[in-house]
Amino acid sequence: MILRYCLFAALIVTAAACAPRGVPSFVDPVESATIEELYAVVQRSAEDGEFGFGADRTDEKIYRSIYVSIPPVHERGQIEWPRSAQPDPAKHFGITATQRFDEKADFFAKLRRIPGDSVMIQVHGYNTNPTEALYRLAQIRHDYDIEIPTIAFIWPSAAELRGYVYDTDSALFARDALLELIRDINRFTGKKAAIAGHSLGTFLVMETLRQNDLQTGPRIADRVSGVFLLAPDLDPDLFEAQLSVLDPVPQPFLVLAAEADPALKVSTILRGTETRVGQITNEARWAEFGVDVVNLTEFSRTASNPHSIAATSAVAIAFLVEFFSTVF
């Protein structure tokens, strides 16, 4: 009965992300749309076709640039998904072009030529497919007016509701690939990585940062210009153990939390624990590690998905744009 309740609750929480599930829609650009240039490093099996993303775990990585069209009717915090096989670029998100890089050196050479000293990596969460991850990153890039290059690190999520345990294992599987990406950004471009993770993706982020500092070589703080964890689906004790390995902790290091997060509530029931890091809004809880907590609880009601407040609440986005301007 408990498992049935958890799955039902999770279905309610993720319904906005699952109806319909994201599929790539290719469109011709229109003058009134905004085109966001994204980059992607995909640790999923290759697949025939123009998009080329499969579903299986693999050690191989796919390097791509993707151009996402955002319609002129776009509202902050929303992804205007097409409701048919023939999307209208004046009303819906769509992909206008994509390029696969056969050599990763060519991929990073393109990033190196873009002005600036940082590259943003977005690490998606549980139950997410590649198109959903890319469209969300395009929406975030647009709504936050991000100017630095942005990379979607697409790890092998099962992209289905029943795949929570599978996704947890996949996050561990993807640690080496994410660490390779962080190191390659520094090696090939001379830039640092600003890392943003969401939900179960924060578990992957923290395990990767910890792995770097357990190995010889430059500390992660020398390779990373900031860490941003949105709604972390992390055990608090584990989080402290991960932080204790980082010396020093990269700065800035922000946790975006909300007490009223129904998805994290489901996670506590599934895991038999009392709370997750993303539910802890005490600003002093992680202060000794140099971690700042941003309490987004007041924005829960204005978010189309309360588990993704920083991306789906127009009011929260406006607040965070102003907040980030004081951090950087």
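Please read these numbers as outputs of a predicted model, since none were measured by experiment.
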> Should E160 and N129 be marked as a side-chain hydrogen bond (donor to acceptor under 3.5 Å, both in side chains) after you check the CA-CA gap, both sets of side-chain angles, and the distance that decides it?
Replying inline: CA-CA 9 Å; E160 63 175 70; N129 71 32; over 6 Å; no

> Q279 and R276: side-chain hydrogen bond (donor to acceptor under 3.5 Å, both in side chains), yes or no, with the steps?
Replying inline: CA-CA 6 Å; Q279 298 171 297; R276 308 301 282 170; over 6 Å; no

> After noting the C-alpha distance and the side-chain angles of D143 and R76, does the key distance pass the salt bridge (charged side-chain N to carboxylate O under 4.0 Å, His left out) rule?
Replying inline: CA-CA 6 Å; D143 290 355; R76 214 177 207 183; 5.2 Å; no

>> Using the rule given for side-chain contact (heavy atoms from CB on, under 4.5 Å), can you reason through K91 versus H74, listing the C-alpha separation, both sets of side-chain angles and the distance that settles it, and then say yes or no?
In response: CA-CA 8 Å; K91 297 179 180 179; H74 170 69; over 6 Å; no

> Are M120 and I146 close enough, and set up right, to give a side-chain contact (heavy atoms from CB on, under 4.5 Å), and what steps lead you there?
Replying inline: CA-CA 9 Å; M120 176 182 169; I146 296 172; 3.7 Å; yes

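The backbone N or O of S225 sits nowhere less than 3.5 Å from a side-chain atom of Q251 that would complete a donor-acceptor pair. R219 places a side-chain N or O within donor-acceptor distance of the main-chain N or O of D247, the cut-off being under 3.5 Å. Put simply, the side chain of T98 gets close to the backbone of S65: a donor and an acceptor are under 3.5 Å apart. Between the Y63 side chain and the Y39 main chain, no donor and acceptor come within less than 3.5 Å of each other. Checked by atom type and distance alone, the side chain of E132 never pairs as donor or acceptor with a backbone atom of V23 at under 3.5 Å. Judged purely by atom type and a 3.5 angstrom limit, S69 has no side-chain atom pairing as donor or acceptor with the backbone of T96. Looking only at distances, a side-chain donor or acceptor of S157 sits under 3.5 Å from a matching main-chain atom of T128. For the pair H142 (side chain) and A138 (backbone), a donor-acceptor distance under 3.5 Å is absent. Side-chain atoms of D167 come within 3.5 Å of backbone atoms of N127 as a donor-acceptor pair (strictly under, hydrogens ignored).
By the salt bridge (charged side-chain N to carboxylate O under 4.0 Å, His left out) test, K191 pairs with no residue at all, sequence neighbours left out. Listed by chain and number, the residues in a side chain to side chain donor-acceptor pair (under 3.5 Å) with R175 are E207 (sequence neighbours excluded). The ring pair (Phe, Tyr, Trp, His ring centres under 6.0 Å) check on Y67 picks up nothing, with sequence neighbours excluded. Legend: residues meeting side chain to side chain donor-acceptor pair (under 3.5 Å) with T268, ordered by chain and number and at least two apart, are absent.
Cation-pi geometry between R271 and Y164 is not met: the NZ or CZ atom fails to fall both under 6.0 Å from the ring centre and inside 45° of the normal.
More than 12 heavy-atom neighbours from other residues, nucleotides or ligands sit within 6.0 angstrom of CD on Q99. Applying the 6.0 Å contact sphere to CG of D28 captures no more than 12 heavy atoms from other residues, nucleotides or ligands. Heavy atoms of other residues, nucleotides or ligands lying less than 6.0 angstrom from CD of Q215 number more than 12.
Counted by atom type alone, D176 and Q211 present one or more donor-acceptor pairs between their side chains at under 3.5 Å. R223 and N212 share a donor-acceptor pair across their side chains, judged by distance under 3.5 Å alone. T312 and N305 share no donor-acceptor pair across their side chains, judged by distance under 3.5 Å alone.
Under the 4.5 Å side-chain contact rule for hydrophobic residues, L179 and I151 do not share a cluster. Criterion: ILVMFWY side-chain heavy atoms under 4.5 Å apart, direct or through other members. Under it, V245 and I195 are not part of a common hydrophobic cluster. Under the 4.5 Å side-chain contact rule for hydrophobic residues, L200 and F173 do not share a cluster. No single ILVMFWY cluster, assembled from side-chain heavy atoms under 4.5 Å apart, contains both F26 and I35. A chain of hydrophobic side-chain contacts below 4.5 Å, direct or via other Ile, Leu, Val, Met, Phe, Trp or Tyr residues, connects L229 to L172.
Side-chain contact between F203 and D235 is absent, with no heavy-atom pair separated by less than 4.5 Å. With contacts defined as side-chain heavy-atom distances shorter than 4.5 Å, the pair L256/V293 does not qualify. Contact check for E240 versus F289: side-chain heavy atoms found under the 4.5 Å cut-off. Between V255 and V294, the closest side-chain pair of non-hydrogen atoms is not below 4.5 Å. The closest side-chain heavy-atom distance from W155 to L178 is not below 4.5 Å. In this structure, the side chains of I220 and L246 come closer than 4.5 Å at one or more pairs of heavy atoms. E36 has its side chain out of reach of T150: every pair of non-hydrogen atoms, C-beta onward, lies at least 4.5 Å apart. Contact check for S25 versus Y135: side-chain heavy atoms found under the 4.5 Å cut-off.
Here Q78 contributes atom CD and Q139 contributes atom CD; the two are 7.5 Å apart, rounded to the nearest 0.5 Å. Distance check, rounded to the nearest 0.5 Å: CG of L209 to CG of L243 gives 9.0 Å. In this structure, T168 OG1 and L270 CG are separated by 9.5 Å, a value rounded to the nearest 0.5 Å. One distance of note links OG1 of T273 with CG of L264; it measures 10.0 Å at 0.5 Å rounding. One finds the CG atom of D237 at 11.0 Å from the CD atom of Q242 (value rounded to the nearest 0.5 Å). Of the inter-residue distances, the one linking E274 atom CD with I269 atom CD1 reads 13.0 Å to the nearest 0.5 angstrom.
In terms of heavy-atom proximity, I280 sits nearest to A257 at O-CB, 3.4 Å. The two residues A158 and G163 make their nearest non-hydrogen contact at CB-CA, 4.2 Å. Minimum interatomic distance between I62 and S45 (heavy atoms only, all atoms of both residues): CD1-O, 4.2 Å. Of all heavy-atom pairs spanning A231 and D261, the tightest one is CB-OD2, 3.6 Å. Taking each heavy atom of S118 and P149 in turn, the nearest pair found is O-CD, 3.7 Å. Considering all non-hydrogen atoms of both residues, T297 and A260 come closest at CG2-N, 4.4 Å.
Taking the six-membered ring where the residue is Trp, F324 and Y144 present tilted rings, their angle falling between 30° and 60°.
Salt bridge status for E180 with K61: present, with a side-chain N to carboxylate O gap under 4.0 Å. Contact check on K265 versus E259 returns no salt bridge, with no Lys/Arg side-chain nitrogen under 4.0 Å from an Asp/Glu carboxylate oxygen.
Legend: ring pair (Phe, Tyr, Trp, His ring centres under 6.0 Å) pairs involving residues 237-266, not counting sequence neighbours, sorted by first then second residue: F239-W286. Applying the side-chain hydrogen bond (donor to acceptor under 3.5 Å, both in side chains) test to residues at least two apart or on different chains, the pairs with a partner in residues 192-201 are H198-S308, S199-H307.
The aromatic ring centres of F101 and F107 sit less than 6.0 Å apart. The aromatic ring centres of H124 and F153 sit 6.0 Å or more apart.
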